[in-house]
K.L.:
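Sharing a structure below in structure tokens format, with a few things to ask.
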Amino acid sequence: MLPLYWLTVQTVGTAIRSGWRPQVSGLEHVPADGGVVLASNHLSFADQLFLGAVIPRHVAFWGKKEYFTGTGPRGALNRGLMHGLGVIPVNRAGGAASDAAFASAVPVLARGGMVAVFPEGTRSPDGRLYRGRTGVLRLAQSCGVPVVPVGICGTDGVRPRDLLGRRRPRVAISFGPPVDVAGADVRTATDALMASIQRLSGQEYVPRYAEKKKAA
């Protein structure tokens with residue numbers, strides 16, 4: 001585990017586990033080693049924080065490429081932080097640019113690492129679960145690794161100010177059994193994966209792609 005990531009888990013992760021006491025189930029389904037893709041619903045910026053706090057392995061998350069290309073002292077600080085946490089850069093323009101981000105996750109999985117992916121491609125605009133994009137299945141198949149479905153509840157009630165402990169919404173995280181996706185049709189398998197996530201999260205399912213939320 002990367003030193004900065006370990007330090008973050010010991011500090012921020014401990015604060016989250018002790019302060020919010022998230023309800024966790026099915027953690028035994030997360031392999032203790034070897035390459036694996038976590039496929040989760042996406043409700044809030046806090047999803048990554050809670051996942052990282054409850055999983056006893058390094059989890060490689062995605063970060064917008066701007067964090068890696070900034071200039072000046074702040075840009076250098078962001079780059080150091082992203083590299084220290086093992087964040088994978090992603091171009092949010094979509095298309096071929098996003099495919100490059102998936103390609104950059106391949107070495108992580110090849111080394112036996114864990115990568116977290118949100119198949120909806122964006123945060124849910126209204127708390128419902130939307131149709132998944134096939135990139136997660138294509139990534140898992142290309143690396144020959146299983147996919148673990150994850151259902152998160154309650155993080156949409158967490159706000160940045162809540163990290164100071166002003167309020168503590170109830171958060172639950174459920175992990176399902178690993179899914180072997182070798183040889184599966186990516187569209188069919190992605191729909192089945194989203195059905196598994198829906199069972200874990202209890203969300204209403206919407207059979208269309210979610211629109212990106214506008215920045216406040």
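As a basis for the values below, the full set of heavy atoms in this structure was taken, side chains included, without hydrogen atoms, waters or symmetry mates.
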K.L.:
Taking Arg57 for the side chain and Pro31 for the main chain, is one N or O donor matched with an acceptor at less than 3.5 Å?
P.N.:
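Yes; at least one donor-acceptor contact below 3.5 Å.
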K.L.:
Under 3.5 Å, is there a donor-acceptor pair linking the side chains of Ser44 and Asp156?
P.N.:
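Short answer, no.
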K.L.:
Got a donor-acceptor contact below 3.5 angstrom from the Ser124 side chain to the Arg128 backbone?
P.N.:
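Present.
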K.L.:
Mind checking the NE2-OG1 spacing from His58 to Thr8? Nearest 0.5 Å is all I need.
P.N.:
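His58 NE2 to Thr8 OG1: 9.5 Å, rounded to 0.5 Å.
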K.L.:
Can the positive tip of Arg79 be found less than 6.0 Å from the middle of the six-membered ring of Phe68, inside 45° of the ring normal?
P.N.:
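No, Arg79 and Phe68 do not form such a contact.
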K.L.:
Taking the side chain as every heavy atom from C-beta outward, state whether Ser174 and Val150 have any atom pair closer than 4.5 Å.
P.N.:
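Counting from C-beta outward, Ser174 and Val150 never come under 4.5 Å.
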K.L.:
Which atom pair, heavy atoms only, marks the closest approach of Leu193 to Ala39?
P.N.:
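Taking Leu193 first and Ala39 second, the nearest heavy atoms are CD2-CB, 3.7 Å.
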K.L.:
Would you say Arg17's side chain and Ala53's backbone share a donor-acceptor pair under 3.5 angstrom?
P.N.:
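The answer is yes, because a donor-acceptor pair under 3.5 Å joins these two groups.
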K.L.:
Show the numbers, then the answer: is there a side-chain contact (heavy atoms from CB on, under 4.5 Å) between Val37 and Val136?
P.N.:
CA-CA 8 Å; Val37 174; Val136 59; 3.6 Å; yes
K.L.:
On a heavy-atom basis, which atom in Ala184 and which in Ala189 lie closest, and how many Å separate them?
P.N.:
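That would be CB-CB, 3.8 Å.
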K.L.:
Do the side chains of Pro107 and Arg111 get nearer than 4.5 Å, heavy atoms only?
P.N.:
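Heavy-atom side-chain distance check passes, below 4.5 Å.
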K.L.:
Of the non-hydrogen atoms in Gly80 and Leu4, which two are nearest, and what is the gap between them?
P.N.:
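Scanning both residues completely, I find the closest heavy atoms to be O-CD2, 4.4 Å.
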K.L.:
Is it true that a side-chain atom of Gln198 and a backbone atom of Gln203 form a donor plus acceptor pair closer than 3.5 Å?
P.N.:
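Present.
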K.L.:
Working to the nearest 0.5 Å, report the span between CG of Leu137 and OG of Ser142.
P.N.:
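Reported value, rounded in 0.5 Å steps: 10.5 Å.
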K.L.:
If you define the side chain from C-beta out and look only at heavy atoms, does anything of Val179 sit under 4.5 Å from Pro149?
P.N.:
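Val179 vs Pro149: side chains touch.
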K.L.:
Quick check: closest heavy atoms across Gly52 and Val9, and the distance to 0.1 Å?
P.N.:
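Smallest interatomic distance, heavy atoms only, reads O-CG2, 4.0 Å.
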K.L.:
If we count only N and O atoms by modelled type, under 3.5 Å, do the side chains of Asn41 and Glu120 hold a donor and an acceptor together?
P.N.:
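Checked: Asn41/Glu120 side chains show no N/O donor-acceptor pair below 3.5 Å.
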K.L.:
Same cluster or not: are Leu77 and Tyr5 linked, directly or through other Ile, Leu, Val, Met, Phe, Trp or Tyr residues, by side-chain heavy atoms under 4.5 angstrom apart?
P.N.:
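Looking at the clustering, Tyr5 is in a separate group from Leu77.
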K.L.:
Enumerate donor-acceptor pairs with a distance under 3.5 Å from any side-chain N or O in residues 82-90 to protein atoms, sequence neighbours excluded.
P.N.:
none

K.L.:
Check whether Glu204 reaches the backbone of Leu129 with its side chain - one donor and one acceptor, N or O, closer than 3.5 Å.
P.N.:
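Side chain of Glu204 to backbone of Leu129, a donor-acceptor pair under 3.5 Å: no, none is there.
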K.L.:
Mark yes or no for whether Glu211, through its side chain, and Pro125, through its backbone, hold a donor-acceptor pair below 3.5 Å.
P.N.:
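Absent.
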K.L.:
Considering only heavy atoms from C-beta outward, does the side chain of Leu139 approach that of Leu109 to under 4.5 Å?
P.N.:
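Yes, at least one pair of side-chain atoms sits under 4.5 Å.
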K.L.:
Are any of the side-chain heavy atoms of His42 and Tyr130 separated by less than 4.5 Å?
P.N.:
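Heavy-atom side-chain distance check fails, nothing below 4.5 Å.
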K.L.:
Just checking, is any N or O donor in the side chain of Thr134 or Thr190 under 3.5 Å from an acceptor N or O on the other one?
P.N.:
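Their side chains do not contain a donor-acceptor pair, so the 3.5 Å distance test is not met.
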K.L.:
Side-chain contact, heavy-atom cut-off 4.5 Å: Arg133 with Tyr209?
P.N.:
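Counting from C-beta outward, Arg133 and Tyr209 do come under 4.5 Å.
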K.L.:
If you define the side chain from C-beta out and look only at heavy atoms, does anything of Pro146 sit under 4.5 Å from Asp180?
P.N.:
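Not in contact.
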K.L.:
Where do Pro22 and Val54 come nearest, in terms of heavy atoms and distance?
P.N.:
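Closest approach of Pro22 to Val54, heavy atoms only: CG-CG1, 4.0 Å.
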K.L.:
So if you build clusters from Ile, Leu, Val, Met, Phe, Trp, Tyr with side-chain heavy-atom gaps below 4.5 Å, do Phe102 and Met194 land together?
P.N.:
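Result: yes, single cluster for both.
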K.L.:
Taking all non-hydrogen atoms of both residues, which atom of Leu27 and which atom of Pro56 are closest, and how far apart?
P.N.:
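Reported closest heavy-atom pair: CD2-CD, 4.4 Å.
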K.L.:
Please answer: with hydrophobic residues joined when any side-chain heavy atoms are less than 4.5 Å apart, are Val206 and Phe118 in the same cluster?
P.N.:
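Hydrophobic grouping puts Val206 apart from Phe118.
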K.L.:
Roughly how far, to the nearest 0.5 Å, is CG of Asp47 from CG of Leu51?
P.N.:
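Between Leu51 CG and Asp47 CG, I get 6.5 Å after rounding to 0.5 Å.
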K.L.:
Do NZ/NE/NH1/NH2 and the carboxylate oxygens of Asp185 and Arg187 come within less than 4.0 Å?
P.N.:
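Between Arg187 and Asp185 there is no salt bridge, as every charged N stays at least 4.0 Å from the carboxylate O atoms.
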K.L.:
Hey, could you give me the CD1/CD1 distance between Ile152 and Ile173, rounded to the nearest 0.5 Å?
P.N.:
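One gets 5.5 Å once the value is rounded to the nearest 0.5 Å.
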K.L.:
Is it possible for you to say whether Tyr205 and Leu200 belong to one hydrophobic cluster, with membership spreading through side-chain heavy-atom contacts below 4.5 Å?
P.N.:
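No, it is not one cluster - the side chains of Tyr205 and Leu200 are not joined through contacts under 4.5 Å.
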K.L.:
Check for me whether the distance between the ring centres of His29 and Phe175 falls short of 6.0 Å.
P.N.:
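Aromatic pair excluded; centres sit 6.0 Å or further apart.
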K.L.:
Are side-chain heavy atoms of Leu38 and Ile55 found at a separation under 4.5 Å?
P.N.:
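Counting from C-beta outward, Leu38 and Ile55 do come under 4.5 Å.
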K.L.:
Applying side-chain contact (heavy atoms from CB on, under 4.5 Å), run through Leu43 and Arg123 and close with a yes or a no.
P.N.:
CA-CA 5 Å; Leu43 296 172; Arg123 281 181 285 169; over 6 Å; no
K.L.:
Just by distance, do the side chain of Trp62 and the backbone of Ala116 share a donor-acceptor pair under 3.5 Å?
P.N.:
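Yes, the answer is positive, given that a donor and an acceptor are paired below the 3.5 Å cut-off.
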